[in-house]
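Chain letters run A, B, ... following the sequence lines, proteins first, then strands; residues in each count from 1. What you see is a predicted model; the values in this text were computed from it and never measured.
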Number of protein chains: 2
Amino acid sequence: MILARIILGLLDLAPMSGYDLKRHFDTTINHFWSADRAQIYRTLARLVDDGLATVETVAGAKAPDRHEHRITERGRAALREWLTSELDRQPERDAFLARLFFAGSLDDAELAGLLARHRAAAREQLDALEAIRASTPPPADRRARLRITTLNCGLARARAELDWLDEITEELT
Amino acid sequence: MILARIILGLLDLAPMSGYDLKRHFDTTINHFWSADRAQIYRTLARLVDDGLATVETVAGAKAPDRHEHRITERGRAALREWLTSELDRQPERDAFLARLFFAGSLDDAELAGLLARHRAAAREQLDALEAIRASTPPPADRRARLRITTLNCGLARARAELDWLDEITEELT
DNA sequence: ATCTCCTATGCGACTTGTCTACTAGTCTCG
DNA sequence: CGAGACTAGTAGACAAGTCGCATAGGAGAT
């Protein structure tokens with residue numbers, strides 16, 4: 001459901017093939033959503049079925065043919081409707097917290113290792129986001145500002161995570 | 001996969017029926033994982049199939065029969081193995097950030113509404129967590145300390161979320 | 001000439017997660 | 001006495017997400 005909306009949002013920025021979409025999911029969009037290739041192609045087919053997008057086969061000059069997808073008026077309406085619809089709270093799901101919750105049977109060294117490994121991953125995540133932001137030009141229009149805003153959210157979360165980790169690593173000596 | 005481990009973790013604390021597990025997923029565990037009844041019962045069946053847990057039908061004195069599940073030695077080994085295994089970074093998935101990212105076509109009032117509604121939800125979340133922590137006795141042993149630690153993580157995240165929201169609400173006047 | 005990598009699309013099988021509805025007993029309140 | 005809430009489990013359909021495999025053209029390297 002949400003994936004379909006996100007794809008509509010991306011198609012609203014520019015016409016794209018499934019491959020282009022996959023690249024967005026792996027880069028620009030990555031800090032708040034990701035998707036598998038198979039899933040993207042299936043969703044695209046459904047969007048076309050539902051009349052929210054159209055396909056056009058573009059013969060590739062120096063590459064295989066692309067199926068370029070374009071958002072339709074109905075697609076734009078659906079996107080708008082999603083943006084203004086009620087927020088559905090999504091359930092929290094955190095595999096690391098799950099481990100930590102049940103880590104009572106680990107000894108001190110094992111627990112410290114668990115925390116250290118998670119900290120390294122969190123640090124990496126933060127660095128990656130900072131790198132992206134550093135290479136992003138200052139926002140020109142509103143869309144660009146919103147894009148940076150979502151990045152900043154990722155940054156804020158990553159920093160909070162690191163702070164919390166430092167705090168509890170001390171606490172659980 | 002992770003759900004199975006979490007259920008093992010819960011069974012390691014005490015023998016339980018599917019119903020008991022469901023209550024945990026809706027309360028104690030809720031801030032980092034949730035699960036549907038059907039999913040819980042299916043997973044329990046698989047755990048028994050795999051020899052990681054056993055079932056025993058307990059005739060209900062003043063209620064329907066319960067199927068009490070008990071973790072086995074192999075189950076405990078599997079749980080331990082999970083706790084010490086490599087962390088697999090789980091993909092970020094945030095429907096709110098997705099909306100925000102594509103909210104360029106909304107007008108100022110609509111955008112403000114979107115932010116305000118999310119802020120209210122985040123506030124509610126924070127209040128709920130604080131209520132739980134307030135009603136939790138100070139930790140006696142290590143297990144209890146870890147449980148509170150995961151709660152604190154939820155709290156830290158919720159606070160970071162609110163701070164970020166306040167910041168950007170000003171910014172995106 | 002072959003090998004490997006990159007672009008590009010798709011299928012099929014599978015797992016996970018959600019939703020609805022049904023059965024069935026107990027307890028409480030009005 | 002009946003309505004509704006709580007306990008307890010089951011069945012079936014379906015949506016979402018993952019993994020592996022196949023195909024196919026072009027580019028560059030060995």
Side-chain angles (χ1 to χ4, degrees), chain A residues 1-8 10-11 15-27 29-30 32-50 53 55-69 82 88-95 98, chain B residues 1-8 10-11 15-27 29-30 32-50 53 55-69 82 88-95 98:
Chain A
M1 206 68 229
I2 293 177
L3 184 76
R5 309 300 163 199
I6 293 177
I7 289 182
L8 279 179
L10 288 169
L11 292 181
M16 286 184 210
S17 68
Y19 197 82
D20 297 330
L21 287 167
K22 177 59 179 158
R23 265 193 292 110
H24 270 98
F25 277 102
D26 289 343
T27 54
I29 296 303
N30 191 254
F32 64 80
W33 212 275
S34 60
D36 182 80
R37 268 193 341 301
Q39 211 188 336
I40 291 172
Y41 285 114
R42 252 178 303 162
T43 306
L44 272 175
R46 218 192 56 206
L47 288 177
V48 173
D49 269 3
D50 295 350
V55 220
E56 194 186 340
T57 303
V58 179
K62 40 176 74 178
D65 292 358
R66 312 161 29 78
H67 291 183
E68 205 164 76
H69 292 75
W82 172 58
D88 37 51
R89 81 150 66 236
Q90 45 190 358
E92 298 283 340
R93 288 257 154 90
D94 192 308
Chain B
M1 208 68 231
I2 294 176
L3 184 76
R5 310 297 162 202
I6 293 177
I7 290 182
L8 280 180
L10 288 168
L11 293 182
M16 286 185 210
S17 67
Y19 197 84
D20 297 331
L21 286 166
K22 177 59 179 158
R23 267 194 289 109
H24 271 98
F25 277 103
D26 289 343
T27 55
I29 295 303
N30 190 254
F32 65 78
W33 212 275
S34 61
D36 184 78
R37 269 199 331 306
Q39 210 187 337
I40 291 172
Y41 285 112
R42 252 180 304 166
T43 306
L44 273 175
R46 219 192 57 209
L47 289 176
V48 173
D49 269 4
D50 295 350
V55 220
E56 192 186 340
T57 303
V58 178
K62 38 178 72 180
D65 292 357
R66 315 161 27 81
H67 293 182
E68 207 165 73
H69 292 76
W82 172 58
D88 37 51
R89 78 152 67 236
Q90 46 191 354
E92 298 283 339
R93 286 257 156 91
D94 191 308

**Q.** Euclidean distance, atom OH of residue A:Tyr41 to atom P of C:dT7 [Å, nearest integer]
**A.** 12 Å

Q: Answer yes or no: is there an ion pair linking B:Asp20 with B:Arg23, defined by an N-O contact shorter than 4.0 Å?
A: yes

Q: Could you tell me whether B:Thr43 contacts a base, only the sugar-phosphate backbone, or nothing, with contacts defined as non-hydrogen atoms closer than 4.0 Å?
A: nothing

Q | Euclidean distance, atom OH of residue B:Tyr19 to atom P of D:dT10 [Å, nearest integer] | A | 14 Å

**Q.** Exercise: identify the closest heavy-atom pair between B:Arg46 and B:Ala4
**A.** NH2-CB, 3.8 Å

Q | Spacing of B:Ile40 atom CD1 relative to D:dT10 atom P, expressed in whole Å | A | 13 Å

Q) Whole-Å distance between C:dA8 C1' and A:Glu68 CD? A) 13 Å

Q: To the nearest Å, give me how far apart NE2 (A:His67) and P (D:dG25) are.
A: 14 Å

Q | Protein-nucleotide distance (A:Arg5, atom CZ; D:dA15, atom P), rounded to Å | A | 14 Å

Q. In whole angstroms, how far is the P atom of C:dT26 from the CZ atom of B:Arg66?
A. 16 Å

Q. Which heavy atom of B:His69 sits nearest a heavy atom of B:Val55, and at what distance?
A. NE2-CG1, 3.4 Å

Q. How long is the span from the CG atom in A:Asp49 to the CG atom in A:Leu44, to the nearest 0.5 Å?
A. 11.0 Å

Q) Does a nitrogen or oxygen in the side chain of B:Ser17 sit under 4.0 Å from OP1 or OP2 of D:dT7? A) no

Q | Shortest non-hydrogen separation from B:Arg66 to B:Ser17 and the atoms involved | A | NH1-OG, 3.5 Å

Q. Expressed in angstrom and rounded to an integer, what is the separation of B:Leu44 atom CG from D:dA8 atom C1'?
A. 13 Å

Q: State, to 0.1 Å, how close A:Leu11 and A:Ala53 come at their nearest heavy-atom pair, and which atoms those are.
A: CD1-CB, 4.1 Å

Q: Go along nucleotides 15-23 of chain C 5' to 3' and tag each nucleotide: B for a protein heavy atom under 4.0 Å from its base, S when only backbone or sugar atoms are that close, - otherwise.
A: -SBBB-B--

